[in-house]
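This structure is a prediction, so every number in the text was calculated from the model and none was measured. In what follows, chains carry the letters A, B, and so on, assigned in the order in which the sequence lines appear, proteins first and then strands, with residues in each chain numbered from 1.
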4 protein chains.
Amino acid sequence: MSPKRVDKAARKQEILAAAVRVFARKGFAASRIDDVAEEAGIAKGSVYLYFDSRDALLEAAFSQYTADADAIVAQALNSTDPPLERLALLVRGTIDVIAGAPDLARTLLDLWATDHMRPAYKAYREAVAELIAQIRPGLGLPHATVIVGAIEGVVLQWLVDPEVPIADLAGPVLEVVVEGLRERA
Amino acid sequence: MSPKRVDKAARKQEILAAAVRVFARKGFAASRIDDVAEEAGIAKGSVYLYFDSRDALLEAAFSQYTADADAIVAQALNSTDPPLERLALLVRGTIDVIAGAPDLARTLLDLWATDHMRPAYKAYREAVAELIAQIRPGLGLPHATVIVGAIEGVVLQWLVDPEVPIADLAGPVLEVVVEGLRERA
Amino acid sequence: MSPKRVDKAARKQEILAAAVRVFARKGFAASRIDDVAEEAGIAKGSVYLYFDSRDALLEAAFSQYTADADAIVAQALNSTDPPLERLALLVRGTIDVIAGAPDLARTLLDLWATDHMRPAYKAYREAVAELIAQIRPGLGLPHATVIVGAIEGVVLQWLVDPEVPIADLAGPVLEVVVEGLRERA
Amino acid sequence: MSPKRVDKAARKQEILAAAVRVFARKGFAASRIDDVAEEAGIAKGSVYLYFDSRDALLEAAFSQYTADADAIVAQALNSTDPPLERLALLVRGTIDVIAGAPDLARTLLDLWATDHMRPAYKAYREAVAELIAQIRPGLGLPHATVIVGAIEGVVLQWLVDPEVPIADLAGPVLEVVVEGLRERA
DNA sequence: GATGAATGAGGATTCATTCAT
DNA sequence: CATGAATGAATCCTCATTCAT
């Protein structure tokens, strides 16, 4: 009858955060429910009070990631700043978000192996294509793919090698990309 | 002395190729030794006559991949062409190799989650840094990271979404990158 | 001293009734404490305030069943009616009780798999044997087993297939059995 | 390359027989795959080389049981003997088969709780109804249900209490049933 | 060499029971 | 009394690896 002390949603977040830490450390394939439970400081069975299955945990981690990423794209897309400004916003935003949540970013390695990112990247490319078309006619999806590639490729290298200074790379990405797209004489 | 029906090395290659096809289809985590054996048309136990373990198969797939990739880097690095030429060679070569072996490329998704690519990408970046330093002083590792990122990021998008026209993207990558690095007024 | 809102014993009965409904629906093996609690409209933990364990619930359901059944046998046994009359009473009584409590009857399927019915059936047979010995010398336990079998076998068929019209079968059972035991010329 | 020594089908039968023994001893619900494996003298995992799941094992046991039972019914049904003769055949056949395979019979307790016996008993009743209709007009499904009930009810009692002399009860069943169906003056 | 049956450790999931609130 | 979150033992099933033939 007494109101339960634990906030279900909060506890679910705790477990998810623990799971993300574990996934970041060992990758999803090597992560055991036991590991997640231990990281969260609870019993194995308790994980199942909040998530239906091991896969559901990965799904949730993915959702969290893509929600963040989508927000960045939406923000840049909906801004009224000039195109180059918005491109910069997109690049910096994406890299900042990723660099700011390294554990979550690490799940990207598993996320890429699923179908989850396909629509996200597609939307990402299309948004960028729309942006750069305003910079110079003739720019479109191919160049958008290169830009998205530069961003994600830099992230990829950082995931592969933590010594890559991800936080410092938004600038160089923009330099190359902005110059690369500049109106030719 | 009469050679056995099959050549050991050739049989090993067949199995590895079969494994790569399976890995490409389902990812390494979901690939069973049984699947590989069936794909290779041999019995499960026979796989162990050629590979010590399931992981050894992945290792071998990785080695095959990195050997190809290293050759490209080495070739571009050792060429006597002018720097921009060599950069173009690097970009086109990498993309061509990857696009030409989609199954092998798909193992990249698993390869990235290991430590295997760390030294490869490091060497790659350094080679590119050396190249671009010859194009314009002031260009170095950060910009090299962006260039490698653009290449690998384009590949990544293709792995995530096969509709991305990887084969057509060497051009756009070069356009952006070459312009992006051009001497500023 | 003021009686609590609910009467302990009444609440226990409610839970038991809920349990019997659940057992009837899914069988004991597939019935979860959660199911029983939900059916009873209480929390899972509360079941344990009234029953020591899951098995205790089954025990209680069994006791309820056998109590009813025993009463029938005792009644027929203690009656002063002529033997054939009492036999009819037994047959009709048993079938009526069972047909009147289908959910409880369904627990028979689980009850049979335990040792609980052994003494009950033994007593049942012996009572019937005593009855029929008064009808005709030479009749005894074997024929009693057949009679009990006919009754329980009809019930069994109804449990297996609800379309079997259990309520209409006391008559046919008696016809066969009474004729079957009749004094031969 | 050498032909395997083990006969897959034979091994499957061994495991099934072991499973049936275990089921007979503890009932299906309480039977573990480990128990079956141990009874069969093999490793747990090996059970899965021959049966897809624990349930498949029960299915197989059921099939074996119903196949035997169906054969009896078919035999009695297809015989050209006079009706009473065929009824006797049915009763004796059923009881002999069951008494001859006590372990398998014990699975009846679990079988009844499934839907598997519904069509079998229905067919059984209809076959008997057809038979007895030839004995005396007016006899039909209700009396057939009683007869099948007597047979199965006798078996039930034996399953509940092994001291019930099942093998000796075909006679009494027939006596009661045959007399019970006799033409009335 | 080749086979594929056998093994058994490993890990996901379930659920009866407990107990702090 | 009632609750329902937490527990962790129990058990199914998978599959890499071994090895007798």
Side-chain angles (χ1 to χ4, degrees), chain A residues 1-8 11 15 29-37 40-57, chain B residues 4-6 8 11 29-38 41-57, chain C residues 4-6 8 11 29-38 40-57, chain D residues 1-8 11-12 15 29-37 40-57:
Chain A
M1 205 136 284
S2 56
K4 285 299 135 184
R5 195 59 40 81
V6 290
D7 177 356
K8 295 266 290 189
R11 172 58 61 98
I15 295 174
S31 295
R32 310 285 145 239
I33 289 286
D34 267 318
D35 301 329
V36 172
I42 60 177
K44 180 178 16 179
S46 302
V47 173
Y48 287 90
L49 296 176
Y50 297 90
F51 294 91
D52 284 344
S53 69
R54 181 169 169 275
D55 279 323
L57 221 32
Chain B
K4 272 294 170 192
R5 187 97 26 53
V6 290
K8 274 282 273 191
R11 172 60 62 99
S31 296
R32 312 283 150 240
I33 290 286
D34 263 319
D35 301 328
V36 172
E38 190 182 19
I42 60 175
K44 187 195 341 204
S46 303
V47 173
Y48 285 87
L49 296 175
Y50 297 90
F51 294 91
D52 284 343
S53 71
R54 180 169 173 273
D55 280 322
L57 267 174
Chain C
K4 273 294 172 193
R5 187 98 26 54
V6 290
K8 276 280 272 192
R11 172 61 62 98
S31 295
R32 310 284 150 240
I33 290 286
D34 262 320
D35 301 329
V36 172
E38 190 183 17
I42 60 175
K44 185 191 348 196
S46 303
V47 173
Y48 286 87
L49 297 175
Y50 297 90
F51 294 91
D52 283 343
S53 72
R54 181 170 172 273
D55 280 321
L57 267 173
Chain D
M1 204 136 285
S2 56
K4 287 300 135 182
R5 196 59 40 80
V6 290
D7 177 357
K8 295 266 289 189
R11 173 58 61 98
K12 186 167 181 170
I15 295 173
S31 296
R32 310 286 144 238
I33 288 286
D34 266 318
D35 300 330
V36 172
I42 60 177
K44 179 179 16 180
S46 303
V47 173
Y48 288 91
L49 296 176
Y50 297 89
F51 293 92
D52 284 342
S53 69
R54 183 170 168 275
D55 279 322
L57 221 32

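Residue A:S46 has no polar side-chain atom (N or O) positioned under 4.0 Å from OP1 or OP2 of F:dA5.
Remark: D:K12 NZ to D:L49 CG distance equals 11.5 Å, nearest 0.5 Å. In this structure, CD1 in B:I33 is found 7.5 Å from OG in B:S53, a value given to the nearest 0.5 Å. Atom CG of C:D34 sits about 4.0 Å away from atom NZ of C:K44, to the nearest 0.5 Å.
With the nearest nucleotide of DNA chain E identified for both D:V47 and A:D52, D:V47 has the one nearer the 5' end. Judged by closest nucleotide on DNA chain F, D:S31 is the one of D:S31 and B:G45 placed further toward the 5' end. Take the nearest nucleotide of DNA chain E for D:G41 and for B:G41: the residue whose nucleotide is more 5' is B:G41.
Checked by distance alone, C:K44 brings no side-chain donor or acceptor within 3.5 Å of a matching partner on the base of F:dT3.
Judged purely by atom type and a 3.5 angstrom limit, D:R11 has no side-chain atom pairing as donor or acceptor with the backbone of D:Y50.
Rounded to whole Å, atom P of E:dT14 lies 15 Å from atom CZ of A:F51. In this entry the distance linking CG of C:L57 with P of E:dA16 reads 10 Å, nearest Å. In this structure, the CG atom of D:D34 is 17 Å from the P atom of F:dA9, given to the nearest Å. Across the protein-nucleic acid pair, A:I33 atom CD1 and E:dT13 atom C1' stand 9 Å apart, rounded to whole Å. Following rounding to the nearest Å, A:R32 (CZ) and E:dG10 (P) show an atom-to-atom distance of 11 Å. With rounding to whole Å, C:R54 atom CZ is found 17 Å from E:dT18 atom C1'. Taking atom CD of C:E38 as the reference point, atom C1' of F:dG4 lies 14 Å away to the nearest angstrom. In this structure, A:Y48 atom OH and E:dA16 atom C1' are separated by 18 Å, rounded to whole Å.
Comparing F:dA6, E:dT13, F:dC1 by their closest approach to the side chain of C:K8 singles out F:dC1. Nearest to the side-chain atoms of B:Y50 among the listed nucleotides F:dT17, E:dG4, E:dA2 stands E:dA2. Proximity note for A:I42 (side chain, C-beta onward) versus F:dT7, F:dC13, E:dT3: the nearest is F:dT7. Side-chain atoms of A:R11 lie closest to F:dA6 of the nucleotides F:dA6, E:dA6, F:dC1.
Within a 6.0 Å sphere centred on CG of D:D52, other residues, nucleotides and ligands contribute 12 heavy atoms or fewer.
Across all strands, A:L49 comes closer than 4.0 Å to base atoms (heavy-atom distances).
Looking at every heavy atom in both residues, C:A29 comes nearest to D:A29 through CB-CB, 4.0 Å. Closest heavy-atom contact between A:I15 and A:S46: CD1-O, 4.5 Å. Taking each heavy atom of B:D35 and B:A30 in turn, the nearest pair found is OD2-O, 3.9 Å.
Stem analysis of DNA chain E (Watson-Crick or G-U pairs, both distances under 3.5 Å, runs of at least three) returns E:2-21 with F:2-21.
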